[in-house]
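Start at 1 and go down the list; that is how both ligands and their atoms are numbered.
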Amino acid sequence: MQTHLSKRDQKHIWHPLTQHKLHPEMLGISSAKGAIITDESGREYIDAISSWYTCVYGHCNPAILKAVTAQMQVLDQVVFSGFTHEPAVALSEALIAILPDNQEKLFFSDNGSTATEIGIKMALQYHFNRGERRNVLIAFEEGFHGDTFGAMSVSGLSVYNGPFEELSLQVKRIPVPTKENIHELESLLGRLLQEHAVAGFIYEPLVQGAAGMKTHDADGLNILLKMMKANNVVTIADEVMTGFGKTGTYFASDHLTEKPDIICLSKALTAGLMPMAVTSCTTEVFEAFYSDSIEKGFFHGHTYTANPLACTAALAGIDLLKSPAMQANIQRIMRSHKSFDQELSKNPMVMNTRQIGVIYAFELAVTMERYGDLRDRLFRQFMERGVFLRPLGNILYLLPPYIISDEQLQRVYNSIIEVLEEYQQ
Ligand SMILES: *Cc1c(COP(=O)(O)O)cnc(C)c1O
């Protein structure tokens, strides 16, 4: 796979989440359209994970391109402190209309990690501004909330955090709720809330992406959220991955009766075109900062806050999401996954299949000695079949763009069956 771009790349570029000594070569990608990405030698791959859950309406979607191209002729970028603009105001109206009812205010930034970092800082300062010292956060084991210091502290996947562990915020971790552990979990949480000055609880609602699309129980999560609220703990739903239709509803929080105080959004927010993030909150959170004294304000800001082009992409994305055609696509993929699961879950090589919305995941039943390079091998086996998947150890998951055709989706399923057959032999 040594290609022209790949060679030039190796000279100066340091890639994310990469040990370059083990993985020196990157695949050069030259274009993308709809559900297809094309490499520099012209080979096509179905993007079965929507390029890290971003391009859910398809790559280079014409409606998004048209809106952003028009906006770009009018206003490219302007300071968002002291100034405002139409794309940001229109986006705030469109987002508030689809977010859970209790959300009232939006704070802009530029990626998922800053969205959660801001949520955490809001929760801590909320209590500080009210004259309460609360410095402990609660988070789920195996959660993932990003790579900046606050986000990293609350993330439970320690492979990323090792060198920085001692520099972390104070975090207490709890397991995700199941039907079996809920009573034990209630008493554990009760103790934590009594013994520590808990400021906030951050969670990926119903499905933990980086942990391998692990799903958990909505009733259990509602119970935990109720307990947090009874103790005035600020609840922060990290919907960076789950937002914008992936779980079948606009947001994963729509499946829950207990609504969060703060919601973090990024990834599909801008339909994959531009980096941007939003941290939304309730009036109550906002009011803890609203004051005659300047230092009670939220002194956090990024240079590209609410970039007009990113806001325009997001606004066009929300129009697509709400359209009957896109909603029908989401339902169609949900039905397809469901019938594929009926076949796949009978396969002796497959364990723990799970589905929520357009997200489908399962684990490969392989012995541990084969586990080491399994991820890389699986990745290659799918790429050879023209399907881009990003396995996590022995976990495979699908999160296709909503516009994927039935025929393309069938090719993804067929590639799974074929690859499994190789392991069975
Ligand atoms: C990807 C992700 C983040 C981090 O977003 P970045 O844009 O990569 O910084 C945070 N939380 C969740 C749930 C994510 O999936």
Just distance, no hydrogens or angles: give the donor-acceptor pairs under 3.5 Å from side chains in residues 98-106, sequence neighbours left out.
{"unit_1": "N102", "atom_1": "ND2", "unit_2": "P260", "atom_2": "O", "d": "2.9"}
{"unit_1": "Q103", "atom_1": "OE1", "unit_2": "S280", "atom_2": "OG", "d": "2.7"}
{"unit_1": "Q103", "atom_1": "OE1", "unit_2": "C281", "atom_2": "N", "d": "3.3"}
{"unit_1": "Q103", "atom_1": "NE2", "unit_2": "P260", "atom_2": "O", "d": "2.9"}

(message) Which heavy atom of E142 sits nearest to which heavy atom of K214, and what is that distance?
(response) OE2-NZ, 3.1 Å

(request) Could you tell me which non-hydrogen atom of M349 sits nearest to which non-hydrogen atom of V366, and how far apart they are? (result) CE-CG1, 4.1 Å

(request) Tell me the residues surrounding ligand 1, counting only those with a heavy atom closer than 4.0 angstrom, sorted by chain and number. (result) N111, G112, S113, F144, H145, G146, E204, D238, V240, M241, K267

(message) Once ring-ring contact (aromatic ring centres under 6.0 Å, His included) is applied, do any residues pair with F382, and if so which ones, sequence neighbours excluded?
(response) none

(request) With R390 as the cation and F388 as the aromatic partner, state whether NZ or CZ is under 6.0 Å from the six-membered ring centre and within 45° of the axis. (result) no

Please table the atom pairs, donor to acceptor, closer than 3.5 Å between any side-chain atom in residues 195-213 and protein atoms at least two apart or in another chain.
{"unit_1": "E204", "atom_1": "OE1", "unit_2": "F144", "atom_2": "N", "d": "2.9"}
{"unit_1": "E204", "atom_1": "OE2", "unit_2": "G209", "atom_2": "N", "d": "3.1"}
{"unit_1": "Q208", "atom_1": "NE2", "unit_2": "E141", "atom_2": "O", "d": "3.1"}

